[in-house]
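Below: one structure in structure tokens.
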Amino acid sequence: MTESPTAVLTLDGAGTDANWWRQAAVYQIYPRSFNDANNDGLGDIKGITAKVPYLRELGLDAVWLSPFYPSELADGGYDVADYRNVDPKLGTLADFDEMAAALHAAGLKIIVDIVPNHSSDQHAWFQEALAAEKGSAARARYIFRDGTGENGELPPSDWGSIFGGPAWTQVADGQWYLHLFASEQPDFNWDNREIRDDFLKTLRFWSDRGVDGFRIDVAHALSKDLSEPLPNKAGLQRLEKLHNGSNPLWDRDQVHEIYAEWRALFNEYTPPRTAVAEAWVDQSRRARYASPTSLGQAFNFDLLMADFEAASFASIVTKNLAEANATGASSTWVFSNHDVVRHATRYGLPALAAADNAEDGKTQDGKAWLLAGGDESALDRELGLRRARAATLFMLGLPGSAYLYQGEELGLHEVAQIADADRQDPAFFRNKGIEVGRDGCRVPLPWTATDTSFGFGEATAHLPQPAWFADAAVSVQDTAADSTLNLYRKALELRRHLQGAEQLDWVENANPDVLHFARPDGWNVVTNFGATAVELPAGTVALSSVPLVDGKLPAAATAWLV
Ligand code: GLC
């Protein structure tokens, strides 16, 4: 591999402060599984602070912390018992302030996760609602209904929760409450002004503490139309396909009235606080969330759901850049997060049966493989990682912001073999036999090859780590020039100098397995999705995902040229 000095890349990457997010490389930390400073088996805030030098060296612009608030961990922290505090298992508010100061001092912005659709059933308000009477103000903060059937013994509707099982749970006095996720996650009633005001208070609380932005969990679910009669499950599914805001539960236009209030609050700060919507909506509806009068940016999961394939990648990029242009947001890109099978693993699986993906029958989302037992012999680890490195380098070359998930910089594969007794994900418990859940991408990181819990902490990690983590450990990769960790470091370092206009031109080439794009600053990205090596266009290779062979770009590889 020929490597030219980074100095050839001369664009000023800083941008104005208010726009820091537009082309930021954001690293998602799943706090419980990042680094355990107090040696109780659970990652914590001080653990993150201790790794600020690591994060800085990686070359990131921001970190996004998954929830660290007080929680019973019924859904890995997405069941929040107190929105304006730190889980005592993870630390204190003072620890948070110390971490924030250390991150800021290292030049890293902080994004925190806000979970507005539901609280934990341990939240004081839900406990109050349980103790209160039917029709009380305390119950009106959530969604309580009488049941159906002769004596109200049946739920108000036949809706299922996202994690499996019914979406309604009955309480002692016979009423039912709605939970789109686990029963420990009762949905808030966003028609209630008190809820709206309380979340404004929460957003202000963290903004005042120096948080730079927010990731909004299930952003498309807050507004609901629960007027009677409620449609049945089949009716819901029919409405869902219309993508016109008529579904009573998801993606209603009214949700943006909530976000308009949030935006006004964000804009009171200098620079304005940012927000990115986690909204699994049709592409045609995403722009509403990304609008500058709403949250300002929205996750685009299109690449994450696509096969490693040139035509799909090209059309996804073209569509999303056009959309970003139209809304004034920048596009987002992501391959891995705490909810999906890691991309190194997805790309190493053979094409799976249609059941794995109802849409096109070929997307290798990996869930079917996990469910079938995660057979290692069906996984080509090397090919998966090679493709993942190529895909990541492709993504990091794109204009827009890139969201990375902890551990992908180590090329980690999904941990497929987890005993039932060790599993934590509610999707596993509520969906038995249908999916195994998301624990396999949430296993604590390996920092060293030989220490207890691979340097995560001095106690056994809260999810078991496999023996092969030793080879992927930070300590092993740190000094290995061609490691995935060093590939990420080099790519992120180069990227920092390359934040020009948010556009690209596709450069024609005769090979349908090859994508080549050029950015206005002269930076070129070439990805070979095929199985044979290809000639590279003229230019100096600044970085490649694997070494070139006889000057050619090998199969499943990306090169950056200047
Ligand atoms: C989001 C989170 C996921 C969580 C769910 C319910 O999809 O990413 O982890 O389980 O919301 O809060």
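Start at 1 and go down the list; that is how both ligands and their atoms are numbered.
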Between Trp125 and His123, what is the ring plane arrangement, given parallel below 30°, perpendicular above 60°, and tilted in between?
tilted
Ligand 1 atoms nearer than 4.0 angstrom to some heavy atom of Arg438 are 3 (C), 4 (C), 9 (O), 10 (O)
Only one of Ile216, Leu295, Asp339 passes side-chain contact (heavy atoms from CB on, under 4.5 Å) with Glu278, and that residue is Asp339
**Report entry** Any Arg215 heavy atom less than 4.0 Å to ligand 1
**Finding:** yes
Exactly one of Asp121, Thr169, Asp187, Asp79 clears side chain to side chain donor-acceptor pair (under 3.5 Å) with His179, and that residue is Thr169
In terms of ring plane angle, is the pair Phe308 and Tyr347 parallel, tilted or perpendicular, where the classes change at 30° and 60°?
-> tilted
Atom 11 (O) of ligand 1: closest protein heavy atom, distance to 0.1 Å, is Asp217 OD1, 2.9 Å
Handout entry: Any donor-acceptor N or O pair under 3.5 Å, side chains Arg286, Asn320
Key = yes
Taking a cutoff of less than 4.0 Å between a non-hydrogen atom of the residue and any ligand atom, is Phe163 in contact with ligand 1? yes
Residue, atom and distance of the protein heavy atom nearest atom 10 (O) of ligand 1 read Asp75 OD2, 2.5 Å
Val218 heavy atoms within 4.0 Å reach ligand 1 at atoms 11 (O)
Check your understanding: Is it true that the side chains of Lys224 and Asn117 contain a donor and an acceptor less than 3.5 Å apart?
Key -> yes
Practice item. Could you label the plane-to-plane angle of the Phe181 and Trp250 rings as parallel, tilted or perpendicular, counting under 30° as parallel and over 60° as perpendicular? Key: perpendicular
the protein heavy atom lying closest to atom 7 (O) of ligand 1 turns out to be Glu278 OE2, 2.7 Å
Under 4.0 Å between heavy atoms, the region of Arg442 that gets near ligand 1 turns out to be side chain
For His118, the atoms of ligand 1 under 4.0 Å from one of its heavy atoms are 6 (C), 12 (O)
Closest to atom 8 (O) of ligand 1 among protein heavy atoms sits Asp339 OD2, 2.5 Å
